[in-house]
Amino acid sequence: MGNNIELKSIKELCDKKEEYPFYIPSYQRGYRWTKLEVEKLLDDINEFDKNIDGDFYCLQPLVVKKGTEGNSKDKWRVIDGQQRLTTIYLILCFLLNDNNSELYSIDYERGDVIWNDIIGISKENNDDDNIETFYLKSNYKVINDWFINHNDNKISTNILENTKFIWYDIGSVSKEIEYLMFRNLNSGKIPLTNAELVKALFLKNTKGGDTEKELSQNIIAEEYDQIERKMREPEFWYFLAGNEPRRTSCIELLFDLMFETDGMDDSKRKEIEAVGKNKTFFYFDWCISYDKETNRLSADKQFEKAKEIWENVQEYFHTLEGWFADAEVYNLIGYLRAVNHQSLSDIYKLHKSLLCDDSGNPIQCENKQEFISQLKQFCKEACLVDDNGDVFDPIEDNLKNPQYFHYENRKWAVNRILLMHNIAALNLQNAQTDKDNQGESHSDKKARKDKMVTKSKFSFASYHLCKWHVEHISPNNAQKKQYDENFIKVILNNPGISLEDDDKFKEKLVKDDDKKKLDPYIAVRYKSIMTLPNLTLLTEHINTQIGNKSFEEKQGVVLKDIADGYFVPNCTLMVFTKGYTLSSQEKNDKLDPSIKHVFWNAEDRGAYIKNMSETLIGYLTEKGDKTNE
């Protein structure tokens, strides 16, 4: 019957083998299960207990269609489920002493799989085997090795009597529809995430009436949900994950971190990584289900091991929470993740003094200050580097160097230094706040905690959720703008204005046929437009509004967007309010008020780079550390 869903036991497929010959179409990917996946299936079937787990062990759906022509005529074309179907076949071959005459048959449309070459442990994996045959032979040996330490009778009963496929016959459809279903099943379906599979390991069914175990698992389930909710918060997620979008299950990032930082031996790691996308699940299954000698634990011992591993999960999570709560640590880690300079696993290893330097020696981080110092070092290596990858000095001279910071040639380097300027400025501001508050008396712990929470933190959620651009402060490809004669007169005659190319500016104005047309952007030479003194960070939303507008017009747009609630980094705000130039009152006082904010002139660029240099030196370097003591 077409479009019919039912349950079929393995025994039924074998007993009625004439009715159930299987055929694997050529569009299917080859058999690719690894050792861990085969062993996991064997363990699950072997541990199935009717008294605890229900009437039968259910395999995932087997989607099939009855063939009507060619080599597949009267055979069941397997559209989905061939990996498990083939593995079950290999297990049964072993149990039945290679007597595959008692089994359902599997044929391949590709015609390159010869079952007689696969069955039998005496067969070696020859170098000339095709990839399909290699996996089949390898896994047959895995099955043989597994049975050395297990009871044949128990799993034989379970697999034949108590294991069933969900059987889905799609009926008589064309080959085009058949392939479309295959494609949709394999690319359009939403599989269980690693996190959901790992959760199931912690919440395995227990015997009814065991109140203590049920209570323990209920607590784990609630704590799991609490961690997931926290991990989903945008600011928490993006400070840890960089530009990676939030996952279906965000707690999976934590599980991945535990796998990546586990001190297992290399052979075990390679074995687990070979599984592919479900490697984290197999890692936790290994942690929970086996002892140190790789012996499979009993159900009760697995339960106790699961509680132990869950405590480890919480310990990892509380470490991440601690980083998030500390504004300085949060800003530094968020920066390193944003520019993808350090992986989360390397940062965690550093925190635990498990990360090694280039010479293979562990980097010691015995306290918070040592941890922060090393994070600063990573930040320097991310943004203050010459062509050889060495941290450069002096900083201020090199910030002006177009060889290192040029919009067209090294945009990534410009982005990193501008972002680090913001991070360093925030952390210096927070440090000054701490210094100012020293000596104040706080009557209770809550007051001190509230004070800590109010420290400035960069919004990495905004940074990653909005597209960010490096913006020209004085625009590239500028358009001329109309000014009245009085304004032009002020520009030409004001002794306080300092233009980078003053004579050229005046010459262009005087020779212009239309005396009311003035190109104010000549205040920045073209070669300087692409360099760091003329660049800042803005979101795509603001960037598209300002285009090639004048500095004065850009300033108005930025300030309006801030008032409307858009996130603008503090250093960008200082640029468009000329905050860096305000300290140079002597120069600014000479400027006519009508032109004071029109140009991003030489004084502005100089003050900007001077502040950037002093901020980076003051925060990232040993010289700055000594200065701030």
Side-chain angles (χ1 to χ4, degrees), residues 238-239 242-243 323 326-343 346-347 350 371-386 389-407 410-432 455-464 468-471 473 531-539 567-575 579-580 607-625 627-628:
Y238 286 103
F239 120 83
N243 63 1
W323 295 348
D326 186 292
E328 183 173 22
V329 173
Y330 163 90
N331 286 332
L332 290 172
I333 291 177
Y335 172 81
L336 292 169
R337 298 297 298 123
V339 301
N340 199 28
H341 185 69
Q342 295 292 142
S343 67
D346 277 352
I347 294 171
L350 172 69
F371 181 52
I372 289 176
S373 294
Q374 188 57 49
L375 291 177
K376 287 183 181 182
Q377 179 61 32
F378 287 156
C379 289
K380 283 192 289 185
E381 294 167 0
C383 67
L384 297 173
V385 291
D386 58 22
D390 299 321
V391 176
F392 56 60
D393 191 65
I395 289 178
E396 184 170 356
D397 291 345
N398 283 289
L399 292 180
K400 299 175 184 177
N401 188 341
Q403 179 181 354
Y404 298 146
F405 299 107
H406 192 279
Y407 179 81
R410 298 184 91 207
K411 192 172 182 178
W412 63 270
V414 171
N415 183 78
R416 287 187 175 195
I417 200 72
L418 292 176
L419 182 57
M420 190 66 240
H421 184 202
N422 281 276
I423 299 304
L426 284 177
N427 283 349
L428 283 175
Q429 173 186 313
N430 290 335
Q432 186 60 48
K455 288 184 180 179
S456 298
K457 296 167 76 174
F458 190 84
S459 178
F460 291 105
S462 295
Y463 183 78
H464 292 296
W468 282 68
H469 294 262
V470 173
E471 168 67 15
I473 303 170
T531 59
L532 198 56
N534 191 50
L535 301 171
T536 191
L537 287 177
L538 277 177
T539 63
F567 173 65
V568 173
N570 187 59
C571 293
T572 301
L573 175 60
M574 290 287 284
V575 163
Y580 296 122
Y608 180 36
I609 289 299
K610 187 173 189 300
N611 177 272
M612 191 180 298
S613 172
E614 290 175 348
T615 300
L616 296 174
I617 291 172
Y619 184 66
L620 291 179
T621 69
E622 292 182 9
K623 178 181 178 181
D625 291 340
T627 302
N628 293 328

Partner residues of Glu328 under the salt bridge (Lys or Arg N to Asp or Glu O under 4.0 Å) criterion, sequence neighbours left out: none

Before giving the answer on side-chain contact (heavy atoms from CB on, under 4.5 Å), spell out for Lys400 and Thr531 the whole-Å C-alpha distance, their side-chain angles and the decisive distance to 0.1 Å. CA-CA 7 Å; Lys400 299 175 184 177; Thr531 59; over 6 Å; no

For Leu537, does its backbone N or O pair with a side-chain atom of Thr572 as donor and acceptor, under 3.5 Å? yes

What heavy-atom pair brings Leu616 and Ala424 nearest, and what distance separates the two atoms? CD2-CB, 4.2 Å

Check against side-chain contact (heavy atoms from CB on, under 4.5 Å), Val470 and Thr536: CA-CA 6 Å; Val470 173; Thr536 191; over 6 Å; no

Within the 6.0 Å centroid threshold, strictly below: Phe460 and Tyr335: no

So, taking the atom named NZ in Lys380 and the one named CG in Leu620, what distance separates them when rounded to the nearest 0.5 Å? 7.0 Å

Interatomic spacing from CG in Leu418 to SG in Cys571 - rounded to 0.5 Å: 8.5 Å

Under the side-chain contact (heavy atoms from CB on, under 4.5 Å) criterion, do Val329 and Phe371 qualify, and how do the steps go? CA-CA 9 Å; Val329 173; Phe371 181 52; 3.9 Å; yes

Less than 4.5 Å apart, side chain to side chain, heavy atoms only: is that true for Thr621 and Ile395? yes

Separation between CG (Asn415) and CZ (Arg410), nearest 0.5 Å, reads 13.0 Å

Please check this pair: side chain of Lys376 against backbone of Tyr619, looking for a donor-acceptor N/O pair closer than 3.5 Å. yes

State the CG-CG distance between Asn422 and Asn427, to the nearest 0.5 angstrom. 11.0 Å

How many angstroms lie between atom CD1 of Ile609 and atom OG of Ser613, to the nearest 0.5 angstrom? 8.5 Å

Sub-6.0 Å ring centroid separation between Tyr238 and Phe458: no

Whether the Gln429 and Ser456 side chains hold a donor-acceptor pair (N or O, under 3.5 Å, no angle test) is what I'd like checked. yes

Looking at side-chain heavy atoms only, is the closest gap between Val414 and His406 below 4.5 Å? no

Is the side chain of Asn398 donor-acceptor paired with the backbone N or O of Pro394 at a distance under 3.5 Å, no angle test? yes

Answer yes or no: is there a side-chain heavy-atom contact under 4.5 Å between Phe405 and Leu399? yes

Where the side chain of Arg416 meets the backbone of Ala382, is there a donor-acceptor pair that is under 3.5 Å apart? yes

Judged by atom type as modelled, is there a donor-acceptor pair below 3.5 Å linking the side chain of Trp468 to the main-chain atoms of Tyr463? yes

Can you confirm if the NZ or CZ of Lys610 lies within 45° of the ring axis of Tyr580 and under 6.0 Å from the centre of its six-membered ring? no

How would you list, by chain and number, every residue that makes a side chain to side chain donor-acceptor pair (under 3.5 Å) with Lys411, sequence neighbours excluded? Tyr407

Look only at the side chain of Asn611 and the backbone of Ala607, and say whether a donor-acceptor pair between them is shorter than 3.5 Å. no

Heavy atoms of Lys457 and Ala327 approach each other most closely as CG-CB, 3.8 Å

Between Gln342 and Arg337, what is the shortest heavy-atom contact and its length? O-NH1, 2.9 Å

Polar side-chain atom of Asn331 near backbone of Ile423 as donor-acceptor pair, under 3.5 Å: no

What distance separates Tyr404 OH from Phe392 CZ, expressed to the nearest 0.5 Å? 7.5 Å

Closest heavy-atom pair, Leu532 versus Tyr608, reported as atoms and distance to 0.1 Å, is O-CE2, 3.7 Å

Minimal heavy-atom distance between Leu332 and Cys379, with the atoms involved, is CD2-SG, 3.7 Å

Considering all heavy atoms, the nearest Ile347-Leu375 contact: CG2-CD2, 4.4 Å

Keeping the roles fixed (side chain from Asn401, backbone from Asp397), state whether a donor-acceptor pair exists under 3.5 Å. no

